[in-house]
Amino acid sequence: MIDPRRLRVLRALADHGTVTAAGQALHLTPSAVSQQLAALEAECGQQLLRRWGRRVSLTPAGELLVVHANAVAAELERAQATLAELGSGVRGLVRMASFASAITTVVAPAIGALRTTSPGVSVQVQDAEGHASIPLLLDGEVDLAITEEYRLSPRTDEARLTRTPLYVEPFDVVLPAGHRLGGESEVDIAELADDEWIAPREGNPCRDVLEIACANPRIRHVSDDFRAITTLVAAGEGVALVPRNAVTAVPGAVAIPLRGEAPLRRVFAAVRRGSAEHPLIKTVLGALLAAAA
């Protein structure tokens with residue numbers, strides 16, 4: 001019989017790509033990960049991994065088993081949710097990862113409302129960029145992630161997540177107050193082709209949005225903190241593309257809507273598939289939806 005605990009190790013390897021990284025995600029040594037995977041191969045009677053020195057990849061059998069592992073994990077989450085629903089009262093801790101502007105927009109108001117409506121529910125929040133929160137969720141470090149999806153970005157991990165849309169916001173361009181376009185009511189992004197930009201780091205989806213909206217932008221400064229970006233704009237160091245709810249009031253900088261079809265940031269709450277009906281998570285999701293409305 002296949003040990004479901006070993007399936008979790010296989011999923012971690014598929015997620016993180018190396019034995020060392022999988023061990024870090026599961027708080028296991030690389031040796032322990034290798035032993036668990038070897039035992040899983042013995043249980044299955046098939047080779048699940050290809051090995052080249054220290055590098056490994058999944059065989060077709062390994063990839064197929066990961067699909068089944070995702071289904072098993074979802075059923076276990078669903079079983080836990082069903083059992084919790086049979087319990088008395090809604091009481092406990094929900095761990096959440098969220099990016100900063102969503103904490104301000106929906107998370108903090110939701111927590112404030114829960115204090116009145118569900119005093120037995122507590123929420124622990126950690127600040128994480130949208131692209132970093134999903135790995136935390138899939139690794140079991142948090143129970144719920146507030147993250148974003150862009151108009152042109154594909155969805156991933158559909159079999160492992162349940163998504164609840166919260167709100168949609170456009171990107172605005174942020175300019176120095178003395179910029180030649182600073183007094184306009186709308187700006188065509190093509191008019192900024194010769195400007196220098198202040199942008200998030202590579203890997204941040206907001207950086208991808210800029211590079212799609214403005215071909216080959218000349219990026220001068222890099223930061224994942226939108227307040228820092230806006231402050232650099234105010235100092236005359238360039239222009240920026242910022243989600244509307246992340247725009248902060250900084251003297252010397254102005255935020256202006258884009259002309260035409262602006263890039264959009266779709267913000268949603270994600271939980272591991274099967275856990276959405278858990279009373280604690282269901283209660284927190286309801287509070288987030290109410291705050292977003």
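No hydrogens, no waters, no symmetry mates; every other heavy atom, side chains included, goes into these values.
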R220 vs E237, salt bridge (charged side-chain N to carboxylate O under 4.0 Å, His left out): CA-CA, chis, key distance, verdict
CA-CA 8 Å; R220 182 172 184 180; E237 288 295 294; 3.4 Å; yes
Determine whether V168 and V267 satisfy the following criterion, side chain to side chain contact (heavy atoms under 4.5 Å, CB included), listing intermediate values before the conclusion.
CA-CA 6 Å; V168 177; V267 179; over 6 Å; no
Let me see the working for R207 and I219 under side chain to side chain contact (heavy atoms under 4.5 Å, CB included), right down to the final yes or no.
CA-CA 10 Å; R207 171 74 166 258; I219 296 172; 3.2 Å; yes
With side chain to side chain contact (heavy atoms under 4.5 Å, CB included) as the test, would you mind laying out the steps for V209 and L264 before giving the verdict?
CA-CA 9 Å; V209 170; L264 299 175; over 6 Å; no
Begin with the C-alpha distance, continue with both residues' side-chain angles, and end with the deciding distance and a verdict on side chain to side chain contact (heavy atoms under 4.5 Å, CB included) for R273 and R160.
CA-CA 5 Å; R273 188 168 293 277; R160 300 173 62 183; 5.6 Å; no
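Between E129 and N204 there is a side-chain heavy-atom pair separated by less than 4.5 Å. At least one side-chain heavy atom of L65 sits under 4.5 Å from a side-chain heavy atom of C44. Between P170 and P263 the shortest side-chain heavy-atom distance does not fall below 4.5 Å. You'll find the side chain of E211 reaches within 4.5 Å of the side chain of P217, heavy atoms only. Looking at V250 and R227, their side chains come closer than 4.5 Å, going by heavy atoms from C-beta outward. Side-chain atoms of L175 and L192, non-hydrogen and from C-beta on, do get closer than 4.5 Å to each other.
Listed here is the closest heavy atom pair of P200 and D224: CB-OD1, 3.4 Å. Minimum heavy-atom separation, V106 to A292: CG1-CA, 3.6 Å. Considering every non-hydrogen atom in both A97 and S133, the closest pair reads CB-CB, 3.9 Å. Closest of all the heavy-atom pairs between Q46 and A61 is OE1-CB, 3.6 Å. Summarising the geometry of A269 relative to L285, their closest heavy-atom pair is CB-CD2, 3.6 Å, with the distance given to 0.1 Å. Closest approach of V19 to S34, counting heavy atoms only: CG1-OG, 3.8 Å.
Within a 6.0 Å sphere centred on CZ of R218, heavy atoms belonging to other residues, nucleotides or ligands number more than 12. Heavy-atom contacts from other residues, nucleotides or ligands closer than 6.0 Å to CD of E63 number more than 12.
Between L258 atom CG and E191 atom CD the span is 10.0 Å, to the nearest 0.5 Å. The CG atom of L161 sits 9.5 Å away from atom CZ of R272, with the distance rounded to the nearest 0.5 Å. Taken from SG in C214 to CH2 in W197, the straight-line distance is 5.0 Å, to the nearest 0.5 Å. Atom CG of L288 is separated from atom OG1 of T105 by 11.5 Å, given to the nearest 0.5 angstrom. Note: I103 CD1 to M96 CE = 9.0 Å, rounded to the nearest 0.5 Å. Distance check, rounded to the nearest 0.5 Å: CG of L49 to CD of E41 gives 5.0 Å.
Judged by distance alone, with hydrogens and angles left aside, the side-chain atoms of R91 form no donor-acceptor pair with the main-chain N or O of V121 at under 3.5 Å. Without hydrogens or angle criteria, S223 side chain to D225 main chain gives a donor-acceptor distance under 3.5 Å. Side-chain N or O atoms of S275 include none that pairs as donor or acceptor with a backbone N or O of H278 at under 3.5 Å. Put simply, the side chain of R259 gets close to the backbone of E186: a donor and an acceptor are under 3.5 Å apart.
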Ignoring hydrogens and angles, write down the donor-acceptor pairs under 3.5 Å from the side chains of residues 5-14, residues two or more places apart or on other chains.
unit_1 : atom_1 : unit_2 : atom_2 : d
R5     : NE     : D3     : OD1    : 3.2
R5     : NE     : D3     : OD2    : 3.4
R5     : NH2    : D3     : OD2    : 2.9
R6     : NE     : Q36    : OE1    : 3.2
R6     : NH1    : E43    : OE2    : 2.2
R11    : NE     : N70    : OD1    : 3.0

When the side chains of residues 135-147 are checked against the rest of the protein, which donor-acceptor pairs come out under 3.5 Å, sequence neighbours left out?
unit_1 : atom_1 : unit_2 : atom_2 : d
D139   : OD1    : H16    : NE2    : 3.0
D139   : OD2    : H16    : NE2    : 3.1
E141   : OE2    : H27    : NE2    : 3.3
D143   : OD1    : R95    : NH2    : 2.9
D143   : OD2    : R95    : N      : 2.8
D143   : OD2    : R95    : NE     : 3.2
T147   : OG1    : G130   : O      : 2.7

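Both V222 and L241 belong to a single network of hydrophobic side chains, linked directly or stepwise wherever heavy atoms of I, L, V, M, F, W or Y lie under 4.5 Å apart. Linking ILVMFWY side-chain heavy atoms closer than 4.5 Å, directly or via other members, places F268 and F171 in two distinct hydrophobic clusters. Both V173 and L210 are part of a single hydrophobic cluster, where members link through side-chain heavy atoms under 4.5 Å apart. Hydrophobic clustering, with ILVMFWY side chains joined whenever heavy atoms are under 4.5 angstrom apart, keeps V72 apart from L64.
With no hydrogens or angles considered, a side-chain donor-acceptor pair links R265 and S101 at under 3.5 Å.
In the hydrophobic clustering (ILVMFWY side chains linked at under 4.5 Å, chained through shared members), V247 is joined by V174, I198, F226, I229, L232, V233, V242.
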